[in-house]
Structures are given as structure tokens and as C-alpha cells.
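Down below is the structure, laid out as C-alpha cells.
Whatever order the structure lists ligands and atoms in, that order sets their numbers, starting from 1.
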Amino acid sequence: MKHYDQLSANFINGEWVESAGTESIAVINPATGEEFGHFIESTPEEVAQSLAAARAAQPAWGAAPLEDRITVIENFATLVEANMEELARMRTSALGAPFASSLTLSNSLDLLRMYVESVRKVEFRQVRSDSFGTAIVERRPVGVVAGIVPWNVPVRNEIKKLIPALITGNAVVLKASPQSPFVGAALVDLLTEAGVPAGVVGLVSGGAKVGEAMVTDPNTDKIAFTGSTAAGRRIAELAGPLLKRVQLELGGKSAAIVLPDADLQTVVDSMMIFGYANSGQICASLSRLILPEERHDEIVEALKERIAAFRPGDPYDSNANLGPVISSHHRDWVDQLVKDTVAAGATAETGGAPALDAGPGWFYQPTLLTGVRPGMRSFDEEIFGPVLSVIRYAGEDEAVEIANNSEYGLHGAVFGADAAEAYRVGRRIHTGTLAVNSFDVPLSAPFGGVKCSGLGRENGVEGFDEYLEYHTYKFPNEETARAVVHI
Ligand code: NAD
């Protein structure tokens, strides 16, 4: 695979077209603090050209048999697998994450398999009859999708926007984050090699300005966005008057409730992964841990012991198991948030400062805060750093009230000896997903948030709802309708 660390072109109508843009933006490796590439910000004209090419190419792609599109996506999966190491290297350069963790490509191959299996379950055409007559109800692609993604899970984030759109017959123009602009370019090339026709996939580069141009462009039918709640609000504000479809996967402040009889090992193992993985830079991180008074000290001690095994450092050193946060600005922000929380009365049981000895990059010490209460910054705000906040509770009602005390509602967990009891408590928490005695959810289940965590769902059969529109065609009788569509 080509090496991607310079991007001075946009992908328009199946070709890399040199940008007329003058803004060259440096991309920094967070583990070293050094530049590892540059890209040129797309101009408004280039954004418009890419979306216009998508508009022109979409009808033929949308009309192709589903099995043809599936074949292309399967070809793409083969190419991703063949180029795994190089994609992992690009992921590590963008995130500074340990190379071993990058090599999994965040289960992207499983995700691709799931799309193929799930799309075969979609009923694209039905015949419906009642006292008003008979109709063929068709599900057709919405048209042109603008896919906008953050930096936090390169490869997987891009795939989550490109593939559901393409497999259902849409054309898609992708804009990745300015902090991780190269993986998207590599994937667009692999899609082309896999057989996606010219124009059906496009790529532009830049930040909010370019994103907003995509949202308001007349050729954009739908915006598929993953990112912060603040940017999601702005996109909703722009798309609202234009009545464009918007799908928003936004931030979270997810809570894990530990019931008094929970298994210690399960809690600690799960929190080590979903509290600190990717240096806490995961939307569904379980960043608030709600502990019963009687188990508080025991669980905090066990967590401290495990946290001591984290080794932030050089992603290519096999002893390092924790990466940096994305930027120096973000590390300062995380640090201030932790310091404000401590100043408000919480205790930093571990960490609470930048990990300056971990390397030249923007490492932060894995931090465990106890004595956290509502109103403190680490309780209220999404941190996106390796910081876990512990809150005590007395009684189930208080635990549920604490978990629900958030503007977000993305994910959550309940741990308890009796799974049925944990599930009962979990159903009192207002979130899109919740894990019982574990931390994540299957790829084939719908994922997305309630409240300020977003609108719509990704993954599973339900994830395709966002990419398909219903069209109804009336027929004089059922026999004629069935003869037309052969069902
Ligand atoms: P961000 O909102 O700053 O940026 C995300 C993307 O949106 C980038 O490509 C950015 O250039 C673009 N953008 C920013 N402002 C825009 C605007 N006004 N119009 C159009 N595009 C705009 O977020 P980030 O810092 O890159 O990522 C971190 C955030 O993403 C966190 O809040 C995290 O929770 C969220 N996230 C959510 C999910 C989910 O599935 N719910 C998954 C991953 C990350």
C-alpha cells in the first residue's frame, strides 16, 4: 500500500485532484510531539465538486444489485486485511496508541463482516394490502451522504461512515479529522481498488469550515456525524432549516453501577478496559464508577493495584500499554479538569498530572479520582482522558439517580452477582446501550445515544435505517403488485 503522510489532493470522481487550497496543516504524532505529515485544507469549490460527483454517480450504484455491492465490500475487507500493518502504523502515528492495540484495527474486520450479514436481513421491498388497496413499499438509498468523523478511533470511525452508506447504495463523501487525515485517504484508495465506481466515494480534508460546507451543500442529502456534542449541535443548527437528515453520534459520560454483591474481578477487569482503553478517548468509556459504601475501599484498592501496571510510553515499545492523549492542548485541558475536581474536594488516588517521564509526547498519568460528586467537573464533563471518577452510593435509588444525573446517555454498565437483578437496575438508566457484567456491546446490536449523546443508531440491521428512505407505490390489486416485484 502507498504510504500516506502528505495529502495535497481531494478525491473527486474517482481521481486524486490536486487542491487549489493554500492552507497547509501539520499533523502531529501525540507520542512524540513531532510533525509526521501535512495536508491541504479543501476549498469550498472542491467540497462542492466532490459532492456533485457523488450526486452524478449515485443512481447507477444505488440501482446495482445488492449482491454486487456486497462483493465490492468483501473485496474491500480482503484489502484491509492485507494492508493491516500499514493501516495500524497510520493509526498509531495519529493516536500515539500502542502498536499492538492498533494491529486489531479496533475489530474493523468483524465490523465489515457484520455489515454484510446484516444488510442481507434488510427487507428492501414488501407488498402490503389493506382496505385501501395494495402497495409496494420500497427502501431506497437516501442519495448522497456527507460522512464526518473524529480522530479517536482511526480506521474504524471511517469504516463506520463509508460502508453502511455504500452497501445500501448511497454515494458518500468523507471528511476525517484534521488530527487524523490520512487513514481516510488510504481507505478511499482501497475502496476504489475493491471496485467502487468513480464518484461514488469522495474525500475532502479540513476542519469545521470544510465540515460546515459539506453540511449545507445542496447535493448533501444526509449528514452522518460522529464527534463532540458541541459540533453535533452546530450541525443540527445548520441542517435544521434545510431539513436535511442528520445522524449524530456524540459524546458520553457513561456510568458503571456496582451492586453490593458484584464480583470484584469482573468489575476491575472491565474498568481497566473501558475506563482507560485508548487513554480514555472512547465515546462509550465508563468514566464514572458508582460504588456501594460497603465495597468502596476494597474496589478502590484493587483498582489502584491494577492501575499501577499501566506503562504509558513509546507505542513501539512492547512494555508500553497506554498511549498519550491527542494534543498538548487536550492534555492541559484534562489536567485542569482533574485539578479543578481535586480543588472541589475529590482525591487523586493515582495520577493527577502529566506523565512527563513517559516520553516527549502528551502522556497523562492514569488517574483515579475518589470522593467525586455531582457538580464537580469530572462528574459533569466528558473528559476524554485516562481518568476514572468514583462516586459512592447508599441504596439502589441513589445509584440510579447518580447514573442518570448527566446530560449524556450513551452507554452504561451494571455489575452484580445476579444478572437478572443487574439487568433490572440497568433498565432504570436512560442510555442507548448498557452492559451487564461486561463493558461493550455486540457489533450487530444498534449503538447510539439518548439525550445529548446523539440522534439515530449505527450498527446491526437497524443501522441501515438511517441510510434508506421508504417509497410507496400503489397498485390496483395485490396480484398485479406481486407480479411486478416477483414476491
Ligand atoms: P469534534 O466534534 O471536534 O470533531 C469531529 C469531526 O467534526 C472532525 O472531523 C471535525 O473537523 C468536524 N467538525 C467540527 N466542527 C464541525 C462543524 N461545526 N461542522 C462540521 N464538522 C465539524 O470531535 P473530536 O474532538 O474530533 O472527537 C471527540 C468527540 O467525538 C468526543 O466528544 C467523543 O465522545 C465523540 N465521539 C463519539 C462517538 C459515538 O459513536 N457516539 C464515537 C467517537 C467519538
If you measure every N or O of [X] against every N or O of ligand 1, does any of those distances drop under 3.5 Å?
| X | value |
| --- | --- |
| Lys175 | yes |
| Gln179 | no |
| Glu382 | yes |
| Trp151 | yes |

Quiz item: Does ligand 1 have an atom under 4.0 Å from some heavy atom of Ser177?
Solution: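 Yes, that is the case, since the closest heavy atom of the residue is under 4.0 Å from the ligand.
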
Quiz item: Does some non-hydrogen atom of Pro178 fall short of 4.0 Å from ligand 1?
Solution: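 The answer is yes, since Pro178 has a heavy atom less than 4.0 Å from ligand 1.
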
Self-check item: 4.0 Å protein heavy-atom contact status of atom 4 (O) of ligand 1, strictly under
Solution: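 Flag for atom 4 (O) of ligand 1 set to false, no protein heavy atom closer than 4.0 Å.
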
Under-4.0 Å heavy-atom contact with ligand 1, by part of [X] that carries it:
| X | result |
| --- | --- |
| Leu250 | backbone |
| Arg234 | side chain |
| Ile235 | side chain |

Under 4.0 Å from any heavy atom of [X], which atoms of ligand 1 are there?
| X | value |
| --- | --- |
| Phe447 | 40 (O) |
| Asn152 | 43 (C), 44 (C) |
| Ala176 | 9 (O) |

Minimum-distance protein heavy atom relative to [atom]:
| atom | value |
| --- | --- |
| atom 23 (O) of ligand 1 | Ser228 N, 3.5 Å |
| atom 12 (C) of ligand 1 | Ile148 CG2, 3.7 Å |
| atom 8 (C) of ligand 1 | Val149 O, 3.3 Å |
| atom 15 (N) of ligand 1 | Ala208 CB, 3.4 Å |

Quiz item: Should the pair Arg288 and Phe379 be classed as cation-pi, given the thresholds of under 6.0 Å to the six-membered ring centre and 45° from the axis?
Solution: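 Flagged: Arg288 positioned over aromatic ring of Phe379.
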
Exercise. Would you sort out whether Asp340 and Gln336 count as a side chain to side chain donor-acceptor pair (under 3.5 Å), showing the intermediate values?
Key: CA-CA 6 Å; Asp340 288 351; Gln336 191 58 52; 2.9 Å; yes

Self-check item: Residue selection (non-hydrogen contact nearest atom 35 (C) of ligand 1) among Gly251, Gly207, Gly227
Solution: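 Among Gly251, Gly207, Gly227, the closest heavy atom to atom 35 (C) of ligand 1 comes from Gly227.
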
